[in-house]
Amino acid sequence: MREVDLAVLREPGGGLVVAWMATLRRDLMLRLRRRSEVMNPLVFFALVITLFPLGIAPKADLLATIAPGLLWVAALLATLLSMDSLFRADFDDGSLEQLMLCPQPLALMALAKVAGHWLLTGLPLALMAPLLGILLSLPTGSYGVLSLSLAVGSASLSLVGAIGAALTVGLVRGGVLLSLLVLPLYIPVLIFGTGAVQAAVAGSDVAPHLAILGAMLAAALMLAPWAIAASLRISING
């Protein structure tokens with residue numbers, strides 16, 4: 001499957017959409033074969049949320065107050081945990097160089113890999129969050145906003161984190177450096193994502209927070225793929 005997909009990418013007449021879908025399909029299949037990479041962020045997210053109430057007083061009011069921030073911080077760290085492996089396997093086996101040599105724009109091919117990461121990490125985190133919110137006594141009416149804010153926000157986290165992953169892909173132990181690079185850029189997403197859930201809990205208008213999250217995602221979709229492509233070229237070619 002790997003050779004077939006790379007052949008599609010090298011075919012000039014294959015078309016951009018065909019190449020993009022082939023890259024996405026290949027990335028999803030390879031990630032599903034490495035199930036530990038897919039499960040580790042989800043297990044980490046579940047463990048943090050499950051164990052945290054045991055470390056503080058199990059009071060429903062207290063847990064409901066800290067639940068929005070706790071869920072978002074845990075989801076952010078779970079996403080960051082999976083970012084280091086985004087380009088690592090392709091770099092190790094030489095597939096990344098082949099991707100850079102294909103006639104299609106590297107920025108769009110990198111976007112396909114980020115989309116695969118979000119489908120197997122960000123989207124499952126968004127779907128899991130309401131179930132874990134029950135453990136934190138989160139009000140039922142805020143579950144939809146929690147899932148929506150995490151779905152939109154985690155896409156931005158994946159795009160921004162991919163820039164750091166591309167810059168550190170050539171380093172032997174780039175995980176710590178990756179965290180230092182991208183954590184400051186994650187803070188705005190964390191603030192407005194948490195704010196959306198807090199507004200839903202308080203019964204306030206959540207539209208401004210979600211609109212800002214959407215605007216950040218739109219900006220990331222426009223700018224991040226080109227930054228990822230430039231970072232990959234710097235890492236691979238020096």
Quick check: closest heavy atoms across Met128 and Leu42, and the distance to 0.1 Å? CE-O, 3.7 Å
Is any side-chain heavy atom of His209 closer than 4.5 Å to one of Val197? no
Does a salt bridge link Asp92 with Arg88, judged by any charged N lying under 4.0 Å from a carboxylate O? no
So which atom in Tyr143 and which in Ile134 form the shortest heavy-atom distance, rounded to 0.1 Å? OH-CG1, 3.4 Å
Given side chains that start at C-beta, do those of Asp90 and Arg26 come closer than 4.5 Å, heavy atoms only? yes
List the steps and the verdict of side chain to side chain contact (heavy atoms under 4.5 Å, CB included) for Ser154 and Leu123. CA-CA 8 Å; Ser154 62; Leu123 185 59; over 6 Å; no
Do Leu77 and Val48 touch side chain to side chain, with heavy atoms closer than 4.5 Å? no
I want to check something: taking the side chain as every heavy atom from C-beta on, are Leu16 and Met109 in contact at a cut-off of under 4.5 Å? yes
Which heavy-atom pair separates Leu136 from Leu70 by the least distance, and what is that distance? CD1-CD2, 3.8 Å
For Pro124 and Leu119 the tightest heavy-atom approach is CD-O, 3.3 Å
Just by modelled atom types, is the Ser36 backbone N or O under 3.5 Å from a matching donor or acceptor in the Asn40 side chain? yes
Could you check whether any side-chain N or O of Tyr186 sits under 3.5 Å from a backbone N or O of Leu76, counting only pairs where one atom can act as donor and the other as acceptor? no
Quick one: closest heavy-atom pair of Val201 and Pro68, and the distance? CG2-CG, 4.4 Å
What's the verdict on side chain to side chain contact (heavy atoms under 4.5 Å, CB included) for Gln198 and Ser204, showing C-alpha distance, side-chain angles and the deciding distance? CA-CA 8 Å; Gln198 289 175 337; Ser204 304; over 6 Å; no
Looking at side-chain heavy atoms only, is the closest gap between Leu213 and Ser149 below 4.5 Å? yes
Measure from the side-chain N and O atoms of Trp72 to the backbone N and O of Leu190, and report whether any donor-acceptor pair falls under 3.5 Å. no
Under the 3.5 angstrom rule, does the side chain of Ser235 hit a backbone N or O of Leu167 as a donor-acceptor pair? yes
Point-to-point distance, once rounded to the nearest 0.5 Å, from CZ of Phe45 to CG of Leu81: 13.0 Å
What heavy-atom pair brings Ala67 and Leu138 nearest, and what distance separates the two atoms? CB-CD1, 3.6 Å
Between the CZ atom in Phe87 and the OG atom in Ser231, the distance rounded to the nearest 0.5 Å is 9.0 Å
Would Leu108 and Thr23 count as a side chain to side chain contact (heavy atoms under 4.5 Å, CB included) here? Give the steps. CA-CA 10 Å; Leu108 296 182; Thr23 303; over 6 Å; no
Step by step, work out the side chain to side chain contact (heavy atoms under 4.5 Å, CB included) result for Leu86 and Arg31. CA-CA 9 Å; Leu86 181 58; Arg31 285 182 174 276; 3.1 Å; yes
Is the number of heavy atoms from other residues, nucleotides or ligands under 6.0 Å of Asp205 CG greater than 12? yes
Can you tell if the side chain of Leu63 reaches within under 4.5 Å of the side chain of Leu135, non-hydrogen atoms only? no
Is any side-chain heavy atom of Ile228 less than 4.5 Å from a side-chain heavy atom of Leu106? no
Can you tell me how far the CG atom of Asp84 sits from the CG atom of Leu177, to the nearest 0.5 Å? 10.0 Å
Judged by atom type as modelled, is there a donor-acceptor pair below 3.5 Å linking the side chain of Ser85 to the main-chain atoms of Ser82? yes
Side chains of Leu159 and Trp118, heavy atoms from C-beta outward: is any pair under 4.5 Å? no
